[in-house]
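Please read the structure below before turning to the comments.
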Amino acid sequence: MANSVPDMWYNTTLGLLLLLLSGCVAGPDYVPPDLATPAGYQQSEVTNEHADLDWWQGFTDPVLNRLVDTAMSGNLDLGAAQASLAALEAAVRAERSDFWPSVDAFGTAQHETDFTGNRSDSQQLGLTLAFMPDLFGLQRRRLEQAMALHDRQRHNIDDLRRLIASAVATAYVELRRAQARLILLDTSLKLQSQTLEIVRLRNSAGLSPKLDVERAAADLAQTRAQQGNLQLARVEAQNTLAVLSGTYALPPQDLQAEAPDVPAFALGPQIGTPADLLRQRPDLQAAEANLLAATAAIGVETAELYPSLRLPMQLSADAGQGVHLVDHVLGEITAAVDLPLLDAGRRRAEINAAEARAQAALLAYRQALLISVNEVESALAAIRYTSDQRAELARAVTASEGAYAQLDALYREGLTTFIDILDAQRTLISSREAYVETEADLASAYIALYTALGI
């Protein structure tokens with residue numbers, strides 16, 4: 001009883017000390033960056049009546065919807081990213097386990113026979129328990145870092161889905177652009193063939209020179225020469241869609257659309273404010289998670305400067321005979337303190353490296369924010385200017401068709417020159433091609449806008 005009071009005081013003091021130390025967490029706590037965005041962009045906000053729909057459904061094209069669904073389920077990069085996420089989930093569970101003691105069982109059996117033939121047997125069973133109190137937050141910072149890396153990968157998967165949807169829609173627009181141009185090319189070839197036939201008839205009748213025939217034939221050949229590039233563009237778009245879907249080739253029926261024209265976008269954009277953009281852009285969320293992980297890494301390296309405590313314990317018992325199943329129970333507990341003394345500046349250098357990586361992560365986050373805001377602004381400008389351009393080209397096509405029809409009638413009557421009809425024909429074909437190109441550019445601008453918004 002004489003030693004019970006000092007022992008109690010010692011145990012109480014040690015327990016309080018460990019409790020106080022366990023509240024210490026080395027390194028800086030993460031503070032979300034407060035970054036300013038352009039005032040002009042802050043004021044641009046447009047609501048969307050169809051916010052409950054996926055943005056690519058704004059093209060009202062079931063083929064595109066089906067292609068996006070196929071890519072989301074079959075894309076190999078997405079599958080690999082999801083496997084990496086599963087590995088990071090396991091890493092988080094592993095870090096959490098370090099907060100708990102580890103318990104292992106052991107058993108030994110020994111058989112001895114001396115020179116007289118006497119035998120002796122002994123068996124021992126026991127448990128070993130190891131525990132390392134988190135005195136200065138090393139394990140907490142490691143867990144914080146592991147959770148941030150897990151969140152970063154989760155946001156990277158969301159960002160990959162965003163980019164896959166954008167890539168599928170872009171490739172689909174390019175496919176429709178090539179198909180629409182091929183249809184327009186066929187129309188132009190028929191038009192030029194008719195003109196060539198008329199010129200040949202007039203030449204046979206002595207009403208037109210041979211030069212007009214050669215010019216008409218040359219224009220027809222130049223138009224026909226465009227087929228190769230357009231067919232190549234169509235094949236490349238089909239191959240891109242197949243790769244995005246995780247296959248070598250898509251069935252032809254999956255690429256057939258009811259309307260061969262470039263799909264038009266129908267939904268209104270939901271722009272929002274920069275704060276909304278920060279919340280919905282997964283690449284920005286991934287960049288911020290990376291910054292959080294880098295900040296936690298500073299704490300991990302800082303905690304290495306401080307002592308660490310290990311508490312190995314062991315409980316063992318000799319196996320008895322008969323009714324005495326257990327004899328000689330022995331318990332042992334020890335405490336081992338690791339105290340850093342001299343490492344030639346290695347730990348400090350590791351802290352400096354972690355701080356530099358955190359600064360790089362902050363700059364990467366700022367760069368991602370800058371890029372995202374400018375992507376939105378550029379897409380909005382592209383939609384505005386391309387829409388104006390398409391309206392003008394629509395008027396140009398209408399005017400060119402009227403001019404060509406009049407000149408064609410006059411040429412048949414011999415009231416105008418072949419140069420006039422050839423020029424009108426070239427203008428009409430060029431206007432139609434430019435209009436198709438602008439329609440595809442406008443669809444691409446909407447894709448760029450919704451990709452930039454991260455919706």
Side-chain angles (χ1 to χ4, degrees), residues 173-237 257-265 381-446:
V173 167
E174 292 306 312
L175 175 63
R176 290 291 171 258
R177 184 204 299 261
Q179 291 175 335
R181 284 288 307 275
L182 284 169
I183 293 174
L184 180 60
L185 180 69
D186 185 63
T187 302
S188 300
L189 289 174
K190 291 178 180 178
L191 181 66
Q192 290 176 320
S193 297
Q194 293 174 359
T195 301
L196 177 60
E197 183 62 25
I198 293 172
V199 172
R200 282 174 175 167
L201 291 175
R202 289 178 59 83
N203 175 257
S204 300
L207 301 176
S208 296
K210 182 67 174 178
L211 178 61
D212 290 350
V213 177
E214 292 175 349
R215 285 176 173 173
D219 269 18
L220 178 62
Q222 287 181 347
T223 302
R224 189 181 291 115
Q226 298 177 24
Q227 273 185 326
N229 288 335
L230 295 176
Q231 290 171 343
L232 176 60
R234 181 181 60 184
V235 171
E236 288 177 343
E258 296 179 0
D261 298 332
V262 176
F265 203 83
I383 290 173
R384 182 167 59 251
Y385 297 134
T386 308
S387 296
D388 294 342
Q389 183 182 18
R390 184 182 64 167
E392 294 297 331
L393 285 172
R395 286 189 281 271
V397 169
T398 301
S400 298
E401 289 174 344
Y404 176 77
Q406 295 180 41
L407 286 170
D408 182 59
L410 292 174
Y411 182 73
R412 291 173 185 269
E413 299 294 330
L415 301 177
T416 189
T417 65
F418 177 71
I419 295 297
D420 292 332
I421 189 65
L422 190 63
D423 183 65
Q425 189 179 78
R426 290 172 178 172
T427 301
L428 174 58
I429 292 173
S430 176
S431 297
R432 287 174 172 173
E433 290 175 348
Y435 182 78
V436 171
E437 290 292 326
T438 304
E439 277 194 318
D441 290 342
L442 182 58
S444 297
Y446 273 107

Heavy-atom closest pair, residues Leu182 and Gln231: CD2-CG, 4.1 Å
Whether Thr386 side chain and Ala382 backbone form a donor-acceptor pair below 3.5 Å: yes
Residues Ser208 and Tyr411: side-chain donor-acceptor under 3.5 angstrom: yes
Heavy-atom pair with the smallest gap, counting every atom of Val436 and Leu184: CG2-CD2, 4.0 Å
side-chain contact (heavy atoms from CB on, under 4.5 Å) between Asp441 and Arg177, intermediate numbers included: CA-CA 9 Å; Asp441 290 342; Arg177 184 204 299 261; 3.3 Å; yes
Rounded distance (nearest 0.5 Å) linking atom OG1 of Thr416 with atom CD1 of Ile421: 7.5 Å
Intermediate values then yes/no, side-chain contact (heavy atoms from CB on, under 4.5 Å), Asp423 and Thr427: CA-CA 6 Å; Asp423 183 65; Thr427 301; 4.2 Å; yes
Approximate separation, where rounding is to 0.5 Å, of Arg432 CZ and Ile183 CD1: 13.0 Å
Only distances under 3.5 Å count here; give the side-chain donor-acceptor pairs of residues 220-228 to other protein atoms, sequence neighbours excluded, each with its distance to 0.1 Å.
| from | atom 1 | to | atom 2 | distance (Å) |
| --- | --- | --- | --- | --- |
| Thr223 | OG1 | Gln192 | OE1 | 2.7 |
| Thr223 | OG1 | Gln192 | NE2 | 3.1 |
| Thr223 | OG1 | Asp219 | O | 3.0 |
| Gln226 | OE1 | Arg181 | NH2 | 3.3 |

Inter-residue atom distance Asp408.CG - Glu401.CD, 0.5 Å rounding: 13.0 Å
Contacts of type side-chain hydrogen bond (donor to acceptor under 3.5 Å, both in side chains), residue Ser400, not counting sequence neighbours: Ser431
For Pro209 against Asn203, the heavy-atom pair lying closest together: C-ND2, 3.3 Å
Arg384 and Asp388 ion-paired at < 4.0 Å: no
Which atom of Leu428 lies closest to which atom of Val397, heavy atoms considered: CD1-O, 4.2 Å
side-chain hydrogen bond (donor to acceptor under 3.5 Å, both in side chains) partners of Arg200, counting only residues at least two apart: none
Residues Tyr446, Ile383; criterion side-chain contact (heavy atoms from CB on, under 4.5 Å); working and verdict: CA-CA 7 Å; Tyr446 273 107; Ile383 290 173; 3.7 Å; yes
